[in-house]
Amino acid sequence: MPVGPDGWFEAARPIRVEGGIRARSKRGTIGEQWWSRRFVDVLERVCDPGRLTRGRAYARRGQVLDLDLGPGLAKARVQGSRPEPYDVRVRITAYAADEWAGLTAALGAQALHRAKLLAGEMPPEVEQVFDACGLPLFPGERGLDMDCSCPDWGFPCKHLSAVLYLLAEAFDEDPFLVLAWRGMARDTLLDALRHIVGQGGDLGHGGQVAGGPDPGEPGDGGATPELLDVADVPFAGRLGDFYEPGVPAARLGPPADPGSPPDLLLRALDPPPVKARHIPLLDLLRPAYRRFAAEEDEAAG
């Protein structure tokens, strides 16, 4: 078995592959978004730098033939120097349905996080929500169970490293793959968050709408509270506090991220079945929201 200068197994040059999966990054580090960089940071803490370098070279040459990701498991075939490709497996803990129920309720309880997720974004604060539930979003240094069928005793080998880097790039392209690896499909999560929106508010610890009546409470017929189910107080009875905020200033959350799109709320809510001259209402509102944001930016500048 040939051994290289670093003491690890070093075979001949890998067999050239046509049609393999190539990393988009041509030089330097891999991973552009915060979620993929967090994953790469874990790899670079636990893996040998030399083997990671060779793994990046494999990823950029297209030596990975295929890559499949499912709950708790990423598997791939990597072409090395032998005719038969090597089988690679990377496992993490996929969370159970009851654990995801708690996570979904926690994510849905934060209106801004919920809106960004429904708009296809992954706010950095999502990681804190997972940590608060005791269920980390990203694997720790011992949270990855990896193996490769190659004869190299270095760990992780360059074949594993190539797959890990391509995983990071896949996360770059679709952040919901991180959640899918943990056991929650994108559409299932978004449907659950839309259901929370349909309930008309944030969820409390019991999964009910915060501030709303309990199901079956007298007078509600057991129906789900609607978004606009608020007490109707005559204006004459509100003269003294009509212009006061509904909650103390200390309870108001931080201002919206200035990088958020102006029509974020429209993306998050289900479209109303309303048209004007055969044009859906949302299609008319989006340009108006964008114009308002542009005018505000010009005024601030």
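This structure is a prediction, so every number in the text was calculated from the model and none was measured.
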Query raised in the report: Is the distance between the ring centroids of Trp100 and Phe130 under 6.0 Å?
Result: yes
Separation of [Y] [atom2] from [X] [atom1] (nearest 0.5 Å):
{"X": "His195", "Y": "Thr104", "atom1": "NE2", "atom2": "OG1", "result": "11.5 Å"}
{"X": "Phe138", "Y": "Phe39", "atom1": "CZ", "atom2": "CZ", "result": "9.0 Å"}
{"X": "Asp66", "Y": "Asp68", "atom1": "CG", "atom2": "CG", "result": "8.0 Å"}
{"X": "Cys148", "Y": "Arg77", "atom1": "SG", "atom2": "CZ", "result": "13.0 Å"}
{"X": "Ser161", "Y": "Arg54", "atom1": "OG", "atom2": "CZ", "result": "9.0 Å"}

What I'd like to find out is whether the side chain of [X] reaches to under 4.5 Å of the side chain of [Y], using heavy atoms alone.
{"X": "Leu164", "Y": "Met146", "result": "yes"}
{"X": "Val40", "Y": "Tyr165", "result": "yes"}
{"X": "Arg60", "Y": "Arg56", "result": "yes"}
{"X": "Lys75", "Y": "Asp87", "result": "no"}
{"X": "Pro14", "Y": "Arg61", "result": "yes"}
{"X": "Trp34", "Y": "Met122", "result": "yes"}

Identify the two heavy atoms, one from [X] and one from [Y], that lie closest to each other, and give their separation to 0.1 Å.
{"X": "Arg22", "Y": "Gly62", "result": "CG-CA, 3.6 Å"}
{"X": "Val78", "Y": "Val64", "result": "CG2-CG2, 4.1 Å"}
{"X": "Ile92", "Y": "Gly143", "result": "CG2-O, 3.6 Å"}
{"X": "Ala94", "Y": "Gly72", "result": "CB-N, 3.7 Å"}
{"X": "Val129", "Y": "Ala106", "result": "CG1-CB, 3.6 Å"}
{"X": "Ile196", "Y": "Gly108", "result": "CD1-CA, 3.6 Å"}

Report summary line: Going by chain and number, the hydrophobic cluster around Leu73 (ILVMFWY, side chain to side chain under 4.5 Å) further includes none
Requested in this report: Could you please spell out the steps behind the side chain to side chain contact (heavy atoms under 4.5 Å, CB included) verdict for Leu118 and Leu190?
Outcome: CA-CA 6 Å; Leu118 287 169; Leu190 297 186; 4.0 Å; yes
Query - Linked, directly or transitively: Leu135 and Leu107 (ILVMFWY side chains, under 4.5 Å) - result: yes
Query raised in the report: Shared ILVMFWY cluster between Val17 and Val88, side chains joined below 4.5 angstrom?
Result: no
Query - Electrostatic pair Arg91-Asp147, nearest N-O below 4.0 angstrom - result: yes
Query raised in the report: Would Asp41 and Arg38 pass as an ion pair if we require N to O under 4.0 Å?
Result: no
**Report entry** Expected output: side-chain Gln79 to main-chain Gly20 donor-acceptor under 3.5 Å
**Finding:** no
**Report entry** Donor-acceptor contact present, side-chain Gln128 to main-chain Glu125, <3.5 Å
**Finding:** no
Query raised in the report: Can Leu65 and Ile21 be said to form a side chain to side chain contact (heavy atoms under 4.5 Å, CB included), step by step?
Result: CA-CA 6 Å; Leu65 301 176; Ile21 304 173; over 6 Å; no
Requested in this report: Anything under 30° is parallel, anything over 60° is perpendicular, the rest tilted; go ahead and classify His159 against Tyr58.
Outcome: perpendicular
Would you list the atom pairs, donor with acceptor, under 3.5 Å between side chains in residues 172-184 and any protein atom, with sequence neighbours excluded?
unit_1	atom_1	unit_2	atom_2	d
Asp172	OD1	Glu32	N	3.2
Asp172	OD1	Gln33	N	2.8
Asp172	OD1	Ser36	OG	2.6
Asp172	OD2	Glu32	N	2.7
Glu173	OE1	Arg24	NH1	3.2
Asp174	OD1	Phe176	N	3.0
Arg182	NE	Pro136	O	3.3
Arg182	NE	Leu137	O	3.1
Arg182	NH1	Thr93	O	2.7
Arg182	NH2	Pro136	O	3.2

